[in-house]
Amino acid sequence: MTTPLLTETLVDGVAVLVMNNPPVNGLSHPLRTALWQAVERLEADPSVQALVITGEGKAFSGGADIREFGTAASFAEPHLPALTQRIEACTKPVVAAVNHLALGGGLELALCCHHRVVADDAQLGLPEVNIGLLPGAGGTQRLPRALGLALALQMITSGAPQRAAKLVAVPGQALIDACVPAAELRERAVAYARSAATCPRLSERSVAPDAAALEAARAQAASLPYPAPLACVEAIAASLDRPFSQGLQAERAGFERLMATEASAALRHAFFAERAVGKVPGIDASTPRRAVAQVAVIGAGTMGSGIATACLMAGLQVDLIEPQADALARGVAALDKHLQAQVDKGRLQAERAAALRANLKPATADDALAQADLVIEAVFEDMALKQTVFRRLDAVCKPGAILASNTSTLDVDQIAAVTQRPADVLGLHFFSPAAVMKLLEVVRGAATAPEVLATALDFGKRIGKTCVVSGVCDGFIGNRMLEPCLQQALFLLDEGCTPQQVDRAIEAWGFAMGPFRMGDLAGNDVSWRVRQQRLKDGKTVWPQPLADALCEAGRFGQKTGGGWYDYAPGSRQGTPSPAVEALVATHRERLGRPARAVPDDEIVDRLLLALGMEGRALLDEGIALRAGDVDVVYLAGYGFPRWRGGPMFSMAQRAPDTLQARLAEWAQAHPSDPGPWRRA
Ligand code: NAD
């Protein structure tokens, strides 16, 4: 009998079961059922001597079928834990022929088989910790029995997959019976099964104690702010001191406990939000794409040089165009430094780096523009200048070339409007340092053609970025949300906080960097100049007298040796600043506002809700497509803690009435606050 999900052939007394559930043979309920039924039937069939289980396509199995997540099917019998027990109990030898990838439940399936023949290019791992869980189908009990305690601890708590070729060399390992060339996998597995006389079960082995490894893993996991890593260690520890069946119970209890935690819900949300972010209404596989082989970057400053580096690293041909010879030389030097650092860190081979570098053509003239498939403009943030550049692009670029601006604040539609081809124009908002930061906001203009957007998204992926589509507005998704958050941080200073208290509170909650330390790193003068420019342009500006006073005192941040903190020469470590204390005191006196003690949880709530409410406004305006997209922006570009899910996820965890009450309270405390809750 064959089913589309599981095909079965009999080869000289060996039944070969091939899972066929694209894309990665996720262990869906129908596939689990098919496997269960096949094992039952074949065990009773006298013409069958042994079984081989393998996967069609690009994986043995990637684990749970994520399409079933959260649905009744994921809980339907047979569960994966029951299936693994059933397979292990089979009285005829069962051989897993592991092709390409065995992850999570996929590896647990392989572990319950009696023998494992593994392709030499395969990768094996238990990544559940990355979504705040532990392997729940025997992985925490069988992997230590197969690989020893130390390596199992490392694999399960890190979630990182390992290469079969490396694992097979581990002394005394019982994970891999034979590591064979990938092309011969099935044939070799069948031969192995034919000669297999016994059914060795990992559950019947014991684990050698290793107190040092266990304690080190426990200490490391306990230092992390979310519970999954420590729960993994405790479940693995259960493999040491009790019978297998009780170890399984401990594993199940740990799994269920983790499943109910907010951190796991947040990590699962982040996982799904990242998968959904690439789905853009109006764009699918049938949308035409344009070829991008030759990229021109205009401006070799901080961003241009970083963008050129990112393109080179992906193997693209890059023309870096900058009229100032000294600026061009600086940009190229920064690019070389980055490539060299990759070589020094062992991430790139020297010959490969040299080959990639040979694809760069720096120039002070812009002749190369005529051949470019994609142009990325990264000149000064000035509308008149950008429009001049785009008029030139319109005149010299070939038809079909995509014209992108890296502007952080300017209106992409106004830039597109000076060309005769606004459908080919869009924003590509990189983050600094552009060669490193994962986030790329892809800004869709009013006239941007679907195929231009689709091509830009493919390009972003090709250079290793996480792309989030944003509509046109001042600051796009990420920076626009940051503004009310920074405003809120300043209000907290008005009310009695110090910069260090605000930073400490939000960093303790999980932010990589508090707003004042971030201002000092990025340069407080950047937003100061933006405020001044907006005033000049007659736009609405939120008054920030304290931040203005800081910049008027020349305290731009780390680069001037002082900002919200003081910095000793050459140090990036800020210390509380008496000068700032005095500035804040004068400011408060002027406000006539008595200082009060603001609790840390209020600081956290206010900063988060400022972000979340602005995010909600972006959704209402259609600038962001989904709440999950907003979260991805903050996870990939702003150091938001992944195990907190993102600003929209965090806000959704709060009861709506408490939320409303707090917002009303803060709006009243700052009548001049132009924050998002006023607009709501
Ligand atoms: P920068 O001052 O470091 O570099 C700008 C470069 O453009 C200079 O080297 C300048 O000589 C060159 N230039 C000026 N006019 C030119 C022209 N007509 N043709 C070619 N080159 C010209 O600035 P930056 O920080 O790299 O910012 C560039 C753009 O990227 C701005 O629009 C900025 O808003 C945006 N951006 C900056 C950051 C950041 O963190 N710095 C982040 C995202 C986006």
Side-chain angles (χ1 to χ4, degrees), residues 1-63 65 78 80 82-103 105-124 137 142 164 168 175-202:
M1 189 193 85
T2 56
T3 71
L5 279 177
L6 189 68
T7 58
E8 188 182 316
T9 33
L10 195 62
V11 186
D12 281 347
V14 175
V16 181
L17 300 172
V18 182
M19 299 180 281
N20 191 2
N21 183 22
V24 291
N25 295 320
L27 296 163
S28 64
H29 178 237
L31 180 54
R32 298 195 302 271
T33 307
L35 279 165
W36 182 289
Q37 289 170 351
V39 170
E40 291 266 293
R41 195 166 27 75
L42 296 168
E43 187 178 36
D45 183 343
S47 67
V48 172
Q49 173 199 333
L51 287 72
V52 167
I53 301 177
T54 191
E56 192 60 64
K58 57 184 181 186
F60 172 75
S61 169
D65 191 329
L80 189 57
L83 176 64
T84 54
Q85 290 291 83
R86 176 66 190 87
I87 294 174
E88 194 180 57
C90 184
T91 49
K92 292 178 179 172
V94 184
V95 178
V98 179
N99 53 305
H100 305 308
L101 206 60
L103 292 182
L107 180 54
E108 291 177 302
L109 176 64
L111 285 167
C112 75
C113 295
H114 306 127
H115 306 273
R116 281 154 294 278
V117 177
V118 180
D120 54 5
D121 66 349
Q123 298 214 43
L124 314 179
R142 289 194 181 95
V168 75
L175 178 64
I176 298 175
D177 298 87
C179 187
V180 303
E184 298 169 15
L185 177 69
R186 263 188 219 177
E187 183 195 324
R188 298 277 293 265
V190 168
Y192 196 97
R194 201 173 297 120
S195 63
T198 57
C199 299
R201 298 180 174 91
L202 283 173

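The structure displayed is predicted, hence computed values, not measured ones. As a basis for the values below, the full set of heavy atoms in this structure was taken, side chains included, without hydrogen atoms, waters or symmetry mates.
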*State, to 0.1 Å, how close R116 and L175 come at their nearest heavy-atom pair, and which atoms those are.*
NE-O, 2.6 Å

*Interatomic distance, L202 atom CG to T84 atom OG1 [nearest 0.5 angstrom]*: 11.5 Å

*Which atom pair, heavy atoms only, marks the closest approach of R201 to T91?*
NH2-CA, 4.4 Å

_Nearest non-hydrogen partners of S61 and N25, listed with the distance_ = OG-O, 2.8 Å

*How far does CG of L80 sit from CD1 of I87, to the nearest 0.5 angstrom?*
8.5 Å

_Point-to-point distance, once rounded to the nearest 0.5 Å, from CG of L51 to CD of E8_ = 8.0 Å

*Has the side chain of T54 got a donor or acceptor atom that lies under 3.5 Å from a matching backbone atom of A97?*
yes

*Heavy-atom pair with the smallest gap, counting every atom of L6 and A38*: CD2-CB, 3.9 Å

*Show your reasoning for whether side chain to side chain contact (heavy atoms under 4.5 Å, CB included) applies to D177 and V95.*
CA-CA 10 Å; D177 298 87; V95 178; over 6 Å; no

*Where is the tightest heavy-atom contact between L27 and M19, given as atom of each residue plus distance?*
CD2-SD, 4.1 Å

*Would you check, one step at a time, whether the test side chain to side chain contact (heavy atoms under 4.5 Å, CB included) holds for V24 with L103?*
CA-CA 10 Å; V24 291; L103 292 182; over 6 Å; no

*Look up atom OG1 in T198 and atom NE2 in H115, then write down how far apart they are to the nearest 0.5 Å.*
4.5 Å

*For F60 and V118, run side chain to side chain contact (heavy atoms under 4.5 Å, CB included): C-alpha distance rounded to whole Å, both residues' side-chain angles, the deciding distance at 0.1 Å, then the answer.*
CA-CA 10 Å; F60 172 75; V118 180; over 6 Å; no

*Do any N or O atoms from the side chain of H114 and from the backbone of V94 form a donor-acceptor pair under 3.5 angstrom?*
yes

*Go through the steps for L31 and D65 under the test side chain to side chain contact (heavy atoms under 4.5 Å, CB included), then give the verdict.*
CA-CA 10 Å; L31 180 54; D65 191 329; over 6 Å; no

_Distance check, rounded to the nearest 0.5 Å: L5 atom CG versus R32 atom CZ?_
11.5 Å

*Picking from V117, V18, V180, what satisfies side chain to side chain contact (heavy atoms under 4.5 Å, CB included) with R186?*
V18

*State, to 0.1 Å, how close R194 and V11 come at their nearest heavy-atom pair, and which atoms those are.*
NH2-O, 3.9 Å

*asked:* Nearest 0.5 Å, please: how far is NE2 in H100 from NZ in K58?
replied: 10.5 Å

